[in-house]
Amino acid sequence: MEYNHKEIEESARRFWRDADIYKVAIDASRPKYYVLDMFPYPSGAGLHVGHPLGYIASDIYARYKRQKGFNVLHPMGFDAYGLPAEQYAIQTGQHPEITTRQNIERYCKQLEKIGFSFDWSRSIRTCDPEFYRWTQWAFLKMFNSWYDRNANSARPIAELEEHLAQYGTEGLDAACTKEMVLSAEDWANMDAKGKSDALMNWRLAYLANAVVNWCPKLGTVLANDEVSEGLSVRGGYPVEQKKMWQWCLRVSAYAQRLLDGLDRIDWSESLKETQRNWIGRSEGAEMRFEIQGNPELALEIFTTRPDTIFGVTFMVLAPESKYVAMVTTPDKQTEVDQYLDYVRHRTERERMIDRRVTGVFSGSYAINPLTGKPVPVWISDYVLSGYGTGAIMAVPAHDSRDYAFARHFNLPVIPLIEGADVSEASYDAKEGTMINSEGTALNLNGLSVKEAMNAAKRYVEQSGIGKVKTNYRLRDAIFSRQRYWGEPIPICYVDGIPTAYGNLPLELPEIDKYLPTETGEPPLGRAKEWHTPEGYPLELNTMPGFAGSSAYYLRYMDPHNEKALVSREADEYWRQVDLYIGGSEHATGHLIYSRFWNKFLYDCGEVCEDEPFRKLINQGMIQGRSNFVYRVKDTNTFVSAELKKDYDTTPIHVDVNIVSNDVLDQEAFRGWRPEFADAQFITGDDGRYVCGWAVEKMSKSMFNVVNPDDVVERYGADTLRMYEMFLGPLEQSKPWDTNGIDGVYRFIRKMWSLYHKGDTVVVDDTEPSAENLKSIHKLIKKVSADIENFSFNTSVAAFMICVNELASQGCRSRAVLEPLAIVAAPFAPHVAEALWRQVLGHEDSVCDAPWPEYDEKWLIESTVTMAVSFNGKARYNITLAADAPREQIEKAALEAEGAAKWLDGKTIRKIIVVPGKIVNIVIG
RNA sequence: GCGCAUGUGGCGUAAUUGGUAGCCGCGUUAGACUUAGGAUCUAAUGUCUUCGGACGUAGGGGUUCGAGUCCCCUCUUGCGCACCA
């Protein structure tokens, strides 16, 4: 029987579907394992071959774990809210729901064909009310919570209100937008609106007038991770800074826990580093610098280098700083106003591209608390208002930014470290011995920078001029989007007071047009009846894209529960994702938000693990591999790549689907586009036209998109799966290169024909030979270890070796061919299923066949060949019994034919024996 | 600038973690078969060679009997962050 992938794969899929084989349920008798893929956003373009890479890897692992006896949860769903469907709706008027549903159907069809072991009965879509009610529920829980730094946990807002009523802010250490001091009396005297406003300062989901990334082209605000280099990640439109009332999540309250948690999870070092970077913890001190002539006013600054305080030669305020108005002297007012105006008219992007040194003197001087000397206070946009206190002490000698500023405005530079040459550049390194650092109260001279830092910090605390402080770069997440296609925020406004609207799900209303209203309100402003039954208006903003993906992994544990996001029972059984596979582009978005969201739910007692993803693997990106033809200038003649140096040519992208192994199908090319119908070719002697190639992003315009459906059609899903794994290490980015897929296809056919001769099955019950057993046990050992290490590419090679060996041994023994089918099942499930059921005659599925154990005894060699080397250079081999003792090995090495030549006249200094590998004779 | 990766044949890659570098596949070459095909099979394939061997894992240095692997310096190419004090 010939290997017919279409028949084999269709019948395997039919069997799996009919037997509902991938459905899982809680089973306390078996250990659980949760394997998850980052669910896709179903775009209109469908899947290309890059998308399934991670899914194939996770599917191999899931299938393996299942065969190892684990109860494996392996679900798939769709991240259904997103801008493209809404943009399409704006252009065409088609409801995004319809677009989304169509795209999901297409994705499902494509995924179905690749043979994944997903439990589709647990599938979720973030735009289903039954799913997003739990997104809204979590939001309200955050709205009704505050973060207690003493307990290091979120707590119900009612407990905060109680505390305020009894003690005011006394004894309170809570994450907040700005420090606030209230007495119990102040609190009691506040009206409802005042209390609501005050509580916003502490709520974990809060409304704030924040500076946001506003994208006029998309008509919405964006979170920091949705902006890159001043442009929106989706669409690439310019982004401006704008102050707006927005819902925010107090992610920053969890900064330290997000950082600490990284040490307890099994993620790649580079991804952890990216998150550490993004969280950006820095230790330092906050200090007060009084303004000369105004003892009432002091600048609060943050620095990581309190040890450099003797080198402060000026102060700098961010243009947006509240201090600017306070320190500007009347004679400088005009200049300062002009500068502020200039800064305001520069976009974020302009600031990034053009990093000119700009600034203006405020007219005031601040007093250095250690030297008592006055230093000028400047205003410049190189200081950011959003970080620290928006004001800095400038130490030009030891900070390159301060240095550039000082040089530009001719301000003094005082070096503080012995031997540091600051004539050309600042000395930023934190090493050396301190000089010029002596005041009446503190003397740092002679100390190392490290010691000086500690001494300075100690002094700052003791003298009361400031306090030691840790700052984080991580900002709160802006949670409002001025968009239609997202989860409604379940908030209503009762007499102007934002109030939780608990009747969930709050369903997304229908609207006539997917655009802002004439008055500039978000699209939900068009909804009729958008108010509570009591008539209170509902929030018009919707949630951002990351909302729905922040806790979806919990929902898969218990997807149909109407009472809770996840039942206690399901949560305690499945606990957390054991293996999460997805792209590293989510490092500072989804993977931060999910961890935050999960930690919050953990604080609330809703989930039992505080980290959502125990192990995470980032699969590499699959790039496109474009092909080119070379048109000879001003002709319709194309020259083969190896001859193009003799002609003046223009490279033209050619559809990779009419090129095979870089050889162009000339007829197909003539039919590809009308202008090439009469194309002529200059080829090599063999008549073949060879194309050039380049690695580029996979995109339609490069004609390098390869659709998995086409690969499945031609080679079958098993070949696609194995080839994607064979391409290289999972975590590495690589171009999709079809050259070589034939090799994998050939292998699968070879494996198939191992079980057949002509039309008959040749598997019999003969005793396997020791050779046969060695081949298969070697394979089982290698593949088991490879799967555990996610080294799938080397497994494929092991399969090829094993099948070649068994074929040349003429192996027909069921005892060998059965385990071969079983270990092949995670990689090539369809062909394994066909072999298992049709050829080997089993009733059940190969998916449930227990993973075979290997036996070392078949792997032990009876004889072994060892290299004999002299001073490390191998000269000849000796073959001897594998268990030969050391003396015998040495003897054999010295007595071997040819040994005399190397030993001639030399003294043997040492003999090193690595059993089974090498004998090194050191001579001299 | 800071941080994290990475560098091995014509190409994708491998190397039991310090033990004969180049497994497996592609490509190439030669041969077999053949109803002539982009099918299948068999063999060869790092470079140089005076056929003894020599040289080879980005480059330079070091540790070691022995280094792709460990240490130091330089370079390459990716990626992340980036006026974060």
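Bear in mind the structure is a predicted one, so any value in this text is a computation, not a measurement. Within every chain, numbering begins at 1; the chains are lettered A, B, ... in the order of the sequence lines, protein sequences first and strands thereafter.
Comparing the P positions of B/G1 and B/U8 gives an interatomic distance of 25 Å, to the nearest angstrom. Straight-line distance between the P atoms of B/U47 and B/C11: roughly 12 Å, to the nearest whole Å. B/G18 sits 35 Å from B/U28 when the C1' atoms are compared, rounded to a whole Å. B/C48 and B/A43 have their C1' atoms separated by 24 Å, with the value rounded to a whole Å. Comparing the C1' positions of B/G80 and B/C70 gives an interatomic distance of 28 Å, to the nearest angstrom. Rounded to a whole angstrom, the distance from the C1' atom of B/U50 to that of B/U42 is 33 Å. To the nearest whole angstrom, the two C1' atoms, one in B/G7 and one in B/A82, are 26 Å apart. The gap from the P atom of B/U69 to that of B/G59 amounts to 11 Å, rounded to the nearest Å.
Taken together, the paired segments of RNA chain B that extend over three or more consecutive Watson-Crick or G-U pairs, each closer than 3.5 Å at both contacts, are B:1-5 with B:77-81, B:10-12 with B:24-26, B:27-32 with B:40-45, B:46-48 with B:53-55, B:58-62 with B:70-74.
Residues that satisfy the salt bridge (charged side-chain N to carboxylate O under 4.0 Å, His left out) test with A/Arg749, not counting sequence neighbours, are absent from this structure. For A/Asp655, there are no salt bridge (charged side-chain N to carboxylate O under 4.0 Å, His left out) partners two or more places apart in sequence or in a different chain. Scored by the ring pair (Phe, Tyr, Trp, His ring centres under 6.0 Å) test, A/Tyr723 finds A/Trp736 as partners (sequence neighbours excluded). By the salt bridge (charged side-chain N to carboxylate O under 4.0 Å, His left out) test, A/Glu805 pairs with A/Lys778, sequence neighbours left out. Under the rule for a ring pair (Phe, Tyr, Trp, His ring centres under 6.0 Å), the partners of A/His756 that lie at least two apart in sequence or sit in another chain are A/Trp752. In terms of the salt bridge (charged side-chain N to carboxylate O under 4.0 Å, His left out) criterion, residue partners of A/Lys781 (sequence neighbours excluded) are, by chain and number, A/Glu856. Residues that satisfy the ring pair (Phe, Tyr, Trp, His ring centres under 6.0 Å) test with A/Phe628, not counting sequence neighbours, are A/His653. Looking at residues two or more places apart in sequence or on another chain, you find no ring pair (Phe, Tyr, Trp, His ring centres under 6.0 Å) involving A/Phe310.
Pairs engaging residues 910-924 of chain A under the salt bridge (Lys or Arg N to Asp or Glu O under 4.0 Å) rule: none recorded [sequence neighbours left out].
Remark: the A/Asp710 side chain and the A/Asn657 side chain contain no N/O donor-acceptor pair separated by less than 3.5 Å. A side-chain donor from one of A/Asp786 and A/Thr794 sits under 3.5 Å from a side-chain acceptor of the other. Remark: the A/Asn789 side chain and the A/Ser791 side chain contain no N/O donor-acceptor pair separated by less than 3.5 Å. If you check the side chains of A/Glu300 and A/Tyr323, you find no donor sitting under 3.5 Å from an acceptor. Judged purely by distance below 3.5 Å, without hydrogens or angles, the side chains of A/Thr358 and A/Tyr342 never pair a donor atom with an acceptor atom.
Among B/G38, B/U16, B/U20, the nucleotide with an atom closest to any side-chain atom of A/Arg714 is B/G38. Out of B/A85, B/G19, B/C4, the shortest distance to the side chain of A/Glu273 is found at B/C4. Distances from the side chain of A/Ile918 to the nucleotides B/G19, B/A85, B/C81 place B/G19 closest. Of the candidates B/C24, B/A85, B/C81, B/C81 carries the atom nearest the A/Thr588 side chain, counting heavy atoms from C-beta on. Closest approach to the A/Trp278 side chain among B/G38, B/C83, B/A82 is made by B/A82 (side chain taken as heavy atoms from C-beta onward). Among the nucleotides B/U20, B/G19, B/C4, the one closest to any side-chain atom of A/Asn877 is B/U20. The nucleotide whose nearest atom lies closest to any side-chain atom of A/Arg473 is, among B/A82, B/C83, B/A85, B/A82.
Across all strands shown, A/Leu727 has heavy atoms under 4.0 Å from sugar-phosphate atoms exclusively, and none from any base. In this structure, A/Arg625 reaches neither bases nor backbone, as no heavy-atom distance under 4.0 Å exists between it and the strands shown. Across all strands shown, A/Ile801 has heavy atoms under 4.0 Å from sugar-phosphate atoms exclusively, and none from any base. When heavy atoms are screened at a 4.0 angstrom cut-off, A/Ser282 is found touching the sugar-phosphate backbone but no base atom.
An anti base is found at B/U16: its glycosidic angle is more than 90° from 0. Base orientation of B/G61: anti, the glycosidic angle falling outside 90° of 0. Anti is the classification of B/G12, since its glycosidic angle lies more than 90° from 0.
Toward the 5′ end of RNA chain B lies the nearest nucleotide of A/Val659, the other residue of the pair A/Val659 and A/Asn471 mapping further downstream. Nearer to the 5' terminus of RNA chain B, by closest-nucleotide assignment, is the contact made by A/Asn793 (compared with the other of A/Met393 and A/Asn793).
The phosphate of B/A39 (OP1 or OP2) has no side-chain N or O of A/Arg749 nearer than 4.0 angstrom. Regarding contacts with the backbone of B/G3, every side-chain N or O of A/Thr274 stays at 4.0 angstrom or more from both OP1 and OP2. OP1 and OP2 of B/A85 both lie 4.0 Å or more from every side-chain N or O belonging to A/Tyr382.
For the pair A/Asp786 CG and B/A14 C1', the computed distance is 11 Å after rounding to whole Å. Computed from coordinates, the A/Phe870 CZ to B/A54 P distance equals 13 Å when rounded to whole Å. Between the CH2 atom of A/Trp378 and the C1' atom of B/A85 there is a distance of 18 Å, given to the nearest Å. To the nearest angstrom, P of B/C24 lies 13 Å from NZ of A/Lys782. Atom NE2 of A/His408 is separated from atom C1' of B/C83 by 15 Å (rounded to the nearest Å). Between the P atom of B/A5 and the NZ atom of A/Lys272 lies a distance of 12 Å, rounded to the nearest Å. What separates CE of A/Met287 from C1' of B/A85 is a distance of 11 Å, to the nearest Å. What separates NE2 of A/His586 from P of B/G80 is a distance of 13 Å, to the nearest Å.
Classification of the A/His586-A/His590 ring pair by plane angle, with boundaries at 30° and 60°, yields perpendicular.
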Within the sub-3.5 Å range, which N or O atoms of nucleotides 25-29 of chain B have a protein N or O partner, and how far apart are they?
{"unit_1": "B/C26", "atom_1": "OP1", "unit_2": "A/Arg746", "atom_2": "NH1", "d": "2.4"}
{"unit_1": "B/G27", "atom_1": "OP1", "unit_2": "A/Asn661", "atom_2": "ND2", "d": "3.0"}
{"unit_1": "B/U28", "atom_1": "OP1", "unit_2": "A/Arg688", "atom_2": "NH2", "d": "2.9"}

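Against RNA chain B, the stretch residues 729-737 of chain A makes heavy-atom approaches under 4.0 Å through A/Pro729, A/Gln732.
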